[in-house]
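Data block below; observations after.
Chain A is the first sequence line, chain B the second, and so forth, proteins listed ahead of strands; every chain is numbered from 1.
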There are 2 protein chains.
Amino acid sequence: MSPTKPPAQPRRRMPRAEREAQILVVAEQVFAERGYQATTMEDVAERVGVTKPLIYEYFGSKEGLLSACIVSARGQLRDATERSWAAVGDDAELIDIFRAGVRAFFDFIDQHRNAFLLIQQEGVMAAQTSPLIESIREQQSAATAATLGAAPGLSSVPPEVLEGYAEVIVGACERIAVWRGRRPDVTAADATELVVATVWSGLASQLTTS
Amino acid sequence: MSPTKPPAQPRRRMPRAEREAQILVVAEQVFAERGYQATTMEDVAERVGVTKPLIYEYFGSKEGLLSACIVSARGQLRDATERSWAAVGDDAELIDIFRAGVRAFFDFIDQHRNAFLLIQQEGVMAAQTSPLIESIREQQSAATAATLGAAPGLSSVPPEVLEGYAEVIVGACERIAVWRGRRPDVTAADATELVVATVWSGLASQLTTS
DNA sequence: GGGCCTAACTTACCATGAGTAAGTTAGATG
DNA sequence: CATCTAACTTACTCATGGTAAGTTAGGCCC
């Protein structure tokens, strides 16, 4: 009858963490819709139901807000990728691990278009903020490289070469994702096959020659 | 003795085309140095030795100026690439044409770091301006695809697949170029070999299976 | 060489939106 | 129920993108 917290009318005040999360979600949407430039802090504040200075208190600046959004989006992407690797199992063939990772990427993009549009906004950031973002991006490549390196056949390949391969893969995937924007007939599966077909034999040759 | 035009003291007024070119050069520098956000129109104007409204008259807006810079930079890049293809000759082996194009890209980046940093700013552009930029980017891929398609062995490959390959190549190159920023020991030649090694066998398999 | 006409350029301004200082109040805690 | 803090607001500033309305250099024709 009398629940301790009837959330009928929304609480006006929220604990900081919760509010921050909410702001991030809204900001991600608005940035993706309008682009960074065209988005105003008051747009975001209004849609959250809060005023500007609160956002400034929590995120420091407009760039800080975008930065937080990107970190979050990248995090989601990394989680999705790792989940798919876990699902396929450690002892699977390398090509299947590889394919699963690539596929996870394209599926993620399909389901989180906002996050992806956001990630493409990275270039906006000034030289000071870039390192943070670049380090997140690096993570993606590093994770890919690590996964490749963990495979039995590739353990003898020098790590810096692995890193190079990982960068190629990540770059190819991102570009193809953009390309799919203007070629809607290309499915996630098609895109995956395309990337795998292009890059796999290069990787495979490392397997055999070592 | 009395040269017709002693350029001792710089001409105050310049024909529009010349001034535009000068502004583009300066803007490219400033954008690359400070990033789009941090660059103010007055920074650019001042360094040109001119006032804001002139730039607005010639380029319409800050975004218009960036846009013009990017178009110019992309154009330079495309020219460099095509020049390298011309140098290698039409009848060369496909792998040599391919390698030459990739190499031209990395060499260009080395010699025009500004232009490259600029190109990475593309994401800044709002939805309205993007199509123009995206079309330029598309050109790069289209040119790559066309070159691949012109090769004897690949003429039977469907054009949309070629386009996909081209996108993969372009994406890989751009990403590796960024990567080289934090790994200065990787030379242009190394980068070229990396990309070629990764992507070539995928292309080659299309050659043999057709 | 002198008047005129246009395109190159400037001065002086507005409007918007990022960022902030100084409060105000909800609501948890004792 | 008093108090105290963290959540939040009001009311500003200031930089900068953008523009309206001039001003002048200098080519050109007589």
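Going from atom CD1 of I55(B) over to atom C1' of dA8(C) covers 14 Å, rounded to whole Å. Computed from coordinates, the R16(B) CZ to dG26(D) C1' distance equals 18 Å when rounded to whole Å. Nucleotide dT6(C) holds its P atom 15 Å from the CD atom of E57(B), rounded to whole Å. dG17(C) atom C1' lies 12 Å from atom CD of Q37(A), rounded to whole Å. Protein atom CE of M14(A) is 14 Å distant from nucleotide atom P of dA28(C), rounded to whole Å. When the P atom of dA25(D) is taken as reference, atom CZ of R13(B) falls 6 Å away, rounded to whole Å. For the pair L54(A) CG and dG19(C) P, the interatomic distance rounds to 15 Å; values are reported in whole Å. Rounded to whole Å, the distance from CD on E20(B) to C1' on dC9(C) is 14 Å.
To the nearest 0.5 Å, atoms OG1 (T198(A)) and CH2 (W200(B)) are separated by 13.0 Å.
For dG18(D), the OP1/OP2 oxygens have a side-chain nitrogen or oxygen of Y56(B) closer than 4.0 Å. At the phosphate of dC8(D), OP1 or OP2 sits under 4.0 Å from a side-chain N or O atom of R19(A).
A distance-only check finds no donor-acceptor pair linking the side chain of T51(A) to the backbone of P53(A) [under 3.5 Å]. S72(A) contributes no side-chain N or O that, together with a main-chain N or O of A68(A), makes up a donor-acceptor pair within less than 3.5 Å.
Between R19(B) and E57(B) there is no salt bridge, since no side-chain N of the basic residue sits under 4.0 Å from a carboxylate O of the acidic one.
Between R180(A) and the choices D110(A), D190(A), D185(A), the salt bridge (Lys or Arg N to Asp or Glu O under 4.0 Å) rule is met once, by D110(A).
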Quick one: which protein N/O atoms are closer than 3.5 Å to N/O atoms of nucleotides 10-16 of chain D? Pair and distance per line, please.
none

>> E33(B) vs R47(B), test: salt bridge (Lys or Arg N to Asp or Glu O under 4.0 Å). Steps then yes/no.
In response: CA-CA 13 Å; E33(B) 268 171 33; R47(B) 264 163 75 166; 3.2 Å; yes
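Applying the side-chain contact (heavy atoms from CB on, under 4.5 Å) rule to A189(B) yields the partners R103(B), T187(B); only residues at least two apart in sequence or on another chain are considered.
Across all strands shown, F59(B) has no heavy atoms under 4.0 Å from either base or sugar-phosphate atoms.
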